[in-house]
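This report concerns only the one structure given below.
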Amino acid sequence: MRSHARKALVLATTGLLAATGVVALSGTAHAASTLGESAAAKGRYFGTAVAANHLGEAPYAATLNAEFTSVTPENEMKWDALEASRGSFTYGAADQILAHAQGRGMKVRGHTLVWHSQLPSWVGTLAASDLRTAMNNHITQVMRHYQGKIHSWDVVNEAFQDGSSGARRSSPFQDKLGSGFIEEAFRTARATDPAAKLCYNDYNTDGVNAKSNAVYAMVKDFKQRGVPIDCVGFQSHFNSQSPVPADYQQNLQRFADLGVDVQITELDIEGSGSSQATSYANAVKACLAVSRCTGITVWGVTDKYSWRSGGTPLLFDGNYAKKPAYDSVLAALGGTSGGGGGTRTCSVSYAKQEEWGDRYNGKVTVTAGSSAISGWNVRVTIASVQEISATWNGTPSWDGTGKVMTMTPNGNGSLAAGGTTSFGFTVMTHGNTAPPTVGACTAS
Ligand code: 9MR
């Protein structure tokens, strides 16, 4: 299409976009009406665990796409799924989830590299030095495969015992390599994908207790000695035996004060009705009160596929209807329910596509919010030395500098609730490979 060879003017651009990877931005003139949009308005993601084998179920995918901005593969990135036999890696199901997420601007949490469970039996048979090699090889191969595509990795999962001992849990890694396996895993992970946030993830560590104290001591020691760790995941599986702790926020905050991000990684709360709704709201408020609490993931989309489905612990029931817990989470996030009235919103995500020596292709995906929309526009700004030499699947208009393109649909811009479309363009880099700044989406 048209080449824009105009000379540069200096342009003040807002740095909306991270330098690499896929970024979701949502924009609307109205109060946000989905979990993802309202969390984004608070600078956070709202994610869910997903299973590849449910993505083909239309209401599952529609709920996922409309409400969530991050996914965690529930089982597909575990050791037994990726390397069931030594040295032979099978990425099919995990890649399917990744593709689903990337196409819609969702972040992906990697779960999990080193864990005692869902570990193929061959790992447990290795002698120490061979086990060390196998562990580092697993981390390296998997992180390389997903390099640049995973927002945060659970590098080590559940390495501490329950109860008051504060001890490390017995596992092939602990028993043969000693506690040093944890820092070795983090160092290997950092060396492999320096862009990924590296998390330690555990359960029963949500409040201040002996187990969380032990994790705290480890993280503090890692920070003091320069062992690479960026985040701590709090699984947050709650029920009447293990309710949302009164000191949840305080516990998240003390970890954040060590200089790591904190994330709620597997939230589910058994129960129903208003008591479940109140517990959920309290959990969300605890995260919002901690500035380094960067996102919340619930452990599944619908009660019917929950690992604790009998406890109906999630936000959507088995028919994908929103539960009172959904409404309370949305309200805690500052969103307002659409009430069926139809607040028109859209969100946008950017992903770099092909890259050559002198140019790259960019793709922007536009996703309607929980109401249908009839039109949209998205502004794309490039660096002053760059040029956009081609566009597709949209009708661009340009400002006087040729560096700011406002893209509108080709023809009919209608999208169903949760529906997506995308447009693309080629950026001539002229030596500057910076990604474009992609503004918020405006819906009509
Ligand atoms: O939800 C997962 C379930 O489908 C698996 O059968 C189970 C196997 O261990 O793992 C569940 O997910 C766990 C997660 O990976 C780590 N924290 C506890 C989760 C619930 O058991």
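- In this structure, K211 forms a cation-pi arrangement with Y203, its terminal cationic atom sitting closer than 6.0 Å to the ring centre and no more than 45° off the ring axis.
- Judged by distance alone, the side chain of S70 and the main-chain N or O of F46 form no donor-acceptor pair under 3.5 Å.
- T48 places a side-chain N or O within donor-acceptor distance of the main-chain N or O of G300, the cut-off being under 3.5 Å.
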*For the pair R109 and D154, evaluate salt bridge (charged side-chain N to carboxylate O under 4.0 Å, His left out) and give the outcome as yes or no after the intermediate values.*
CA-CA 8 Å; R109 289 196 86 258; D154 289 332; 2.7 Å; yes
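- A donor atom on one side chain and an acceptor atom on the other are not found under 3.5 Å apart for H430 and Q386.
- Side chain of N282 to main chain of K285: no donor-acceptor pair is present (N/O by atom type, distance under 3.5 Å, no hydrogens or angles).
- Side chains of N157 and H116: no donor on one and acceptor on the other come within 3.5 Å.
- Looking only at distances, no side-chain donor or acceptor of S88 sits under 3.5 Å from a matching main-chain atom of S85.
- Just one residue in the list I264, T72, D268 forms a side-chain contact (heavy atoms from CB on, under 4.5 Å) with T297, and that residue is T72.
- Heavy atoms from other residues, nucleotides or ligands lying under 6.0 Å from NZ of K304 number more than 12.
- A donor-acceptor pair under 3.5 Å is formed between the side chain of D317 and the backbone N or O of Y320.
- For Y60 and H54, the distance between ring centers is under 6.0 angstrom.
- A donor-acceptor pair shorter than 3.5 Å can be found between the side chains of E37 and T345.
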*Yes or no on salt bridge (charged side-chain N to carboxylate O under 4.0 Å, His left out) for D261 and K197, after CA distance, side-chain angles and deciding distance?*
CA-CA 9 Å; D261 288 342; K197 300 257 190 206; 3.6 Å; yes
*Might you work through the side-chain contact (heavy atoms from CB on, under 4.5 Å) test for V142 and Y91, ending with a clear yes or no?*
CA-CA 9 Å; V142 172; Y91 292 109; 4.1 Å; yes
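- Residues E355 and K352 are paired through a salt bridge, judged by an N-O separation under 4.0 Å between the basic side chain and the carboxylate.
- For D230 and R190, the salt-bridge test passes: some basic side-chain N is under 4.0 Å from an acidic carboxylate O.
- Using a 30° and 60° split on the angle between ring planes, W376 and F423 fall in the parallel class, below 30°.
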*Under the side-chain contact (heavy atoms from CB on, under 4.5 Å) criterion, do F425 and N393 qualify, and how do the steps go?*
CA-CA 9 Å; F425 47 88; N393 293 344; over 6 Å; no
*Between W299 and H237, is a side-chain contact (heavy atoms from CB on, under 4.5 Å) present by the stated rule, with each step listed?*
CA-CA 8 Å; W299 205 239; H237 295 291; 3.9 Å; yes
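- Remark: side-chain polar atoms of N65 are paired, donor with acceptor, to backbone N or O of A61 under 3.5 angstrom.
- No donor-acceptor distance shorter than 3.5 angstrom exists from the side chain of Q102 to the backbone of M106, with no hydrogens or angles considered.
- Of the possible polar contacts, none joining the E270 side chain to the T312 backbone as a donor-acceptor pair under 3.5 Å is found.
- Checking side-chain atoms of T395 against main-chain N and O of P409 turns up a donor-acceptor pair under 3.5 Å.
- Nearest heavy-atom pair, H111 versus E74, reported as atom, atom and distance to 0.1 Å: CD2-O, 4.2 Å.
- In this structure, the side chains of I150 and W153 come closer than 4.5 Å at one or more pairs of heavy atoms.
- Here the two rings, on F255 and F234, have centers that are under 6.0 Å apart.
- Pairs of residues two or more places apart, or lying in two chains, that qualify as disulfide (SG to SG under 2.5 Å) and include a residue from residues 235-328 are C287-C293.
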*side-chain contact (heavy atoms from CB on, under 4.5 Å) between C231 and Y200: does it pass, once the steps are laid out?*
CA-CA 7 Å; C231 37; Y200 176 78; over 6 Å; no
_Using side chain to side chain donor-acceptor pair (under 3.5 Å), reason through S309 and D303 one step at a time and then give a plain yes or no._
CA-CA 5 Å; S309 70; D303 281 342; over 6 Å; no
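- The aromatic rings of H138 and W79 sit parallel, their planes meeting at an angle under 30°, below the 60° perpendicular limit.
- By the neighbour-count criterion of 12 heavy atoms within 6.0 Å, atom CZ of R44 is densely surrounded, having more than that number from other residues, nucleotides or ligands.
- If you check the side chains of R379 and T442, you find no donor sitting under 3.5 Å from an acceptor.
- Side-chain polar atoms of N201 and E158 form no donor-acceptor pair below 3.5 angstrom.
- With Y326 contributing its side chain and L314 its backbone, the two residues share no donor-acceptor pair below 3.5 Å.
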